[in-house]
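Quick note on labels: first sequence line is chain A, next is B, and so on, each numbered from 1.
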2 protein chains.
Amino acid sequence: MTAYDAAMTEGLRLSVDRRSPVPLYHQVATQLADAIDAGTLAAGTKLDNEIALADRLGLSRPTMRKAIEELVGKGLLVRKRGVGTQVVHGRVRRELELTSLYDDLSAAGKRPRTAVLLNRVEPAPAEVAEELGVAPGTDVRRLERLRRADGAPLAVLRNWLPADLLELEDGELEEHGLYELLRQRGTHLRIARQRIGARGASADEAALLDLRPDHALLTMQRTAYADSGRAVEYGDHCYRPDSYSFEVTVVER
Amino acid sequence: MTAYDAAMTEGLRLSVDRRSPVPLYHQVATQLADAIDAGTLAAGTKLDNEIALADRLGLSRPTMRKAIEELVGKGLLVRKRGVGTQVVHGRVRRELELTSLYDDLSAAGKRPRTAVLLNRVEPAPAEVAEELGVAPGTDVRRLERLRRADGAPLAVLRNWLPADLLELEDGELEEHGLYELLRQRGTHLRIARQRIGARGASADEAALLDLRPDHALLTMQRTAYADSGRAVEYGDHCYRPDSYSFEVTVVER
DNA sequence: TAGTGGTCTAGACCACTGC
DNA sequence: CAGTGGTCTAGACCACTAT
């Protein structure tokens, strides 16, 4: 029985580097996640208990615990009091993260192209002003872009940003994602609230996306906040549904 | 200056009940969340530092910290090292949680009605077998339901569950949500992976949802796992997009 | 330099599960 | 009953930010 239990995490090589600036709990979490991705820790595998794991790595229990909690939050592990910790069944898919579509496409090996349809400063409409937390009529930068991937039109992106936040040239927008440009200017996004829905394409949208009018579109409205707590971007986007979908992992608290 | 800072959380009445079975950190988190919802803690308000808050409540710093982290994870607070903790700007919307559509509708004060279109045990198609982690051809229970809210058709719900997991009568399905029935039988869902997209309605779907064929639909495929790590449900759902959307809060780690 | 959150330790006791 | 995760404490030191 003990031999069977011991085999559960035997093939695992875990180690921590205390000189590294990376937090110990994150080093451990990353190694466990990699082992799960690689199949070294197969679905259903039961992990040793957290005290044994902590001892093996020379860590305190809270630190080991935090590593495990990180993976529970990502949906890779499940814990049950009195029972133990197991690797979740089922293959793992990429999670919805705070990235721009441009980043997503680059990561997926596609070649994103951007056409800037509109880029100007104008007074904020009421709805946009409310989302950004500014007075109606305040100057905001309005963007409208068409995003292509490997040549095929994929999405129409409409964005509004506080005008005092940054200058944006068309050339930059064609070469980089919006979030990348924000990061370059020291604005780090921390929280985004998104609403995902569907509707039929307008005539304009249909023409841009090479669809017939009223064809189903996937839509997303997003308000993003910087670590200062300030609203930094409001976006109203629509996507060709044959080329794009959202993935979300929900974990019961 | 100190008077100004002190005013930040002055109006707040926080307290903990050590006899309660509810964890202390969760008691505190709930009270803070309520204060944010109620506007007592307005957007942009800076909280006292975590040591001061812990002292005020007679808690240790880690416990107070865990309360704050819970709210950071929900997107209600933002922290910045060297600066402090602030209430996020912008109004708060309900988050996507591990609930069924039935629960959502009940909570929103709608009256959900369910028509059972199909409820039988049959061999699992390949795609379903893979999602549930069973051998193709294994017996699974297949459900097809039409969900109405306040009389208007809202969604077509198709589900597959391992047949050995539970018996389900049509009558039960008409009166209760699927997740509620699972809970009653001791199955607690812990993780769900969801893919959200859009497409045009088929002729059947259009008839059920009172739309024209090819009208835009919001779609969601979900695989849910119990705390045992086992896949418990695969669902393929479609929604009238004028009546339903998904809300997601994403927090940068 | 003072103040903040970020990390880490070494214990303790409790609640739940399964045998 | 033994073993597990869940909660909680009272410290410590460090990294980052603003002034």
Side-chain angles (χ1 to χ4, degrees), chain A residues 1-2 4-6 8-9 16-30 46-55 57-73 77-86 186 188 190 226-229 251-253, chain B residues 1-2 4-6 8-9 16-30 45-55 57-73 77-86 186-188 190 226-229 251-253:
Chain A
M1 198 57 116
T2 37
Y4 181 60
D5 284 339
M8 296 299 194
T9 52
V16 293
D17 174 7
R18 300 194 92 100
R19 293 166 314 172
S20 161
V22 177
L24 301 179
Y25 69 84
H26 193 248
Q27 291 183 34
V28 178
T30 304
K46 193 174 149 202
L47 261 59
D48 288 343
N49 71 64
E50 57 192 33
I51 296 177
L53 285 170
D55 283 352
L57 284 162
L59 299 173
S60 70
R61 188 185 164 198
T63 301
M64 188 63 221
R65 196 175 161 72
K66 191 159 184 187
I68 294 176
E69 275 170 355
E70 183 175 325
L71 298 183
V72 170
L77 296 177
V78 189
R79 319 197 79 179
K80 212 173 166 185
R81 174 153 36 176
V83 179
T85 305
Q86 278 185 77
H188 296 273
R190 285 290 287 272
D227 45 17
S228 63
V251 178
E252 182 70 281
R253 53 179 180 241
Chain B
M1 198 56 118
T2 37
Y4 181 59
D5 285 339
M8 296 298 194
T9 53
V16 293
D17 175 6
R18 300 194 93 100
R19 295 165 314 172
S20 160
V22 177
L24 301 179
Y25 69 84
H26 193 249
Q27 291 184 35
V28 177
T30 304
T45 306
K46 192 173 150 203
L47 260 60
D48 288 344
N49 71 64
E50 56 192 32
I51 296 177
L53 285 171
D55 283 351
L57 285 162
L59 298 173
S60 70
R61 187 185 164 197
T63 301
M64 189 61 220
R65 196 174 161 73
K66 191 160 184 185
I68 294 176
E69 275 169 356
E70 183 175 326
L71 299 183
V72 170
L77 296 177
V78 190
R79 318 197 79 180
K80 212 173 166 185
R81 172 151 41 174
V83 179
T85 306
Q86 279 185 76
T187 299
H188 296 274
R190 286 291 287 273
D227 44 17
S228 64
V251 178
E252 182 69 282
R253 55 185 173 243

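Rounded to whole angstrom, the span from the CD atom of A:Gln86 across to the P atom of D:dG5 amounts to 11 Å. Distance CD (A:Glu50) to P (D:dC8): 15 Å, rounded to an integer number of Å. In this structure, A:Ile68 places its CD1 atom 7 Å from P of D:dG5, rounding to the nearest Å. B:His188 places its NE2 atom 12 Å from the P atom of C:dC16, with the value rounded to the nearest Å. Nucleotide D:dC8 holds its C1' atom 13 Å from the CD atom of A:Glu69, rounded to whole Å. Taking atom CD1 on B:Ile51 and atom P on C:dG3, their separation rounds to 11 Å, with Å as the unit. Rounded to an integer number of Å, the gap from CG of B:Leu53 to P of C:dG3 is 16 Å. One interatomic measurement links the two molecules: CZ of B:Arg65 to P of C:dC8, which rounds to 11 Å at whole-angstrom precision.
Among the nucleotides C:dG5, D:dG5, C:dT7, the one closest to any side-chain atom of A:Lys66 is C:dT7.
OP1 or OP2 of D:dT7 lies within a sub-4.0 Å distance of a side-chain N or O belonging to B:Tyr25. A:Asn49 has no side-chain polar atom (N or O) that falls below the 4.0 Å cut-off from OP1 or OP2 of D:dG3. Of the side-chain N and O atoms in B:Arg79, none sit less than 4.0 angstrom from OP1 or OP2 of C:dT4.
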Between the protein and nucleotides 14-19 of chain D, are there any N/O to N/O pairs under 3.5 Å, and if so, what are the atom names and distances?
{"from": "D:dA15", "atom 1": "O4'", "to": "B:Arg81", "atom 2": "NH1", "distance (Å)": "3.2"}

Between the protein and nucleotides 9-12 of chain C, list every N/O to N/O distance that falls short of 3.5 Å.
{"from": "C:dT9", "atom 1": "OP1", "to": "A:Arg18", "atom 2": "NH2", "distance (Å)": "2.6"}
{"from": "C:dT9", "atom 1": "OP2", "to": "A:Ser60", "atom 2": "N", "distance (Å)": "3.0"}
{"from": "C:dT9", "atom 1": "OP2", "to": "A:Ser60", "atom 2": "OG", "distance (Å)": "2.8"}
{"from": "C:dT9", "atom 1": "OP2", "to": "A:Thr63", "atom 2": "OG1", "distance (Å)": "2.6"}
{"from": "C:dA12", "atom 1": "N6", "to": "A:Arg61", "atom 2": "NH1", "distance (Å)": "3.1"}

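Checked by atom type and distance alone, the side chain of B:Glu70 never pairs as donor or acceptor with a backbone atom of B:His26 at under 3.5 Å. Put simply, the side chain of A:Gln86 never gets that close to the backbone of A:Leu47: no donor and acceptor are under 3.5 Å apart.
Annotation: salt bridge (Lys or Arg N to Asp or Glu O under 4.0 Å) contacts of B:Lys80 (sequence neighbours excluded): A:Asp227.
Residues A:Val72 and A:Val78 have side chains not in contact (no heavy-atom distance under 4.5 Å, counting atoms from C-beta outward). Proximity of B:Arg61 to B:Leu53: side-chain heavy atoms (C-beta onward) are nowhere separated by under 4.5 Å. Between B:Arg79 and B:Glu50 the shortest side-chain heavy-atom distance falls below 4.5 Å.
Between the NZ atom in B:Lys66 and the CG atom in B:Leu59 there is a gap of 13.0 Å [rounded to 0.5 Å]. The NZ atom of B:Lys46 sits 9.0 Å away from atom OG1 of B:Thr85, with the distance rounded to the nearest 0.5 Å. To the nearest 0.5 Å, atoms CD (B:Gln27) and CG (B:Leu57) are separated by 10.0 Å.
Each of A:Gly84 and B:Pro23 was assigned the nucleotide of DNA chain D with the nearest heavy atom; the assignment lying further toward the 5' end belongs to A:Gly84.
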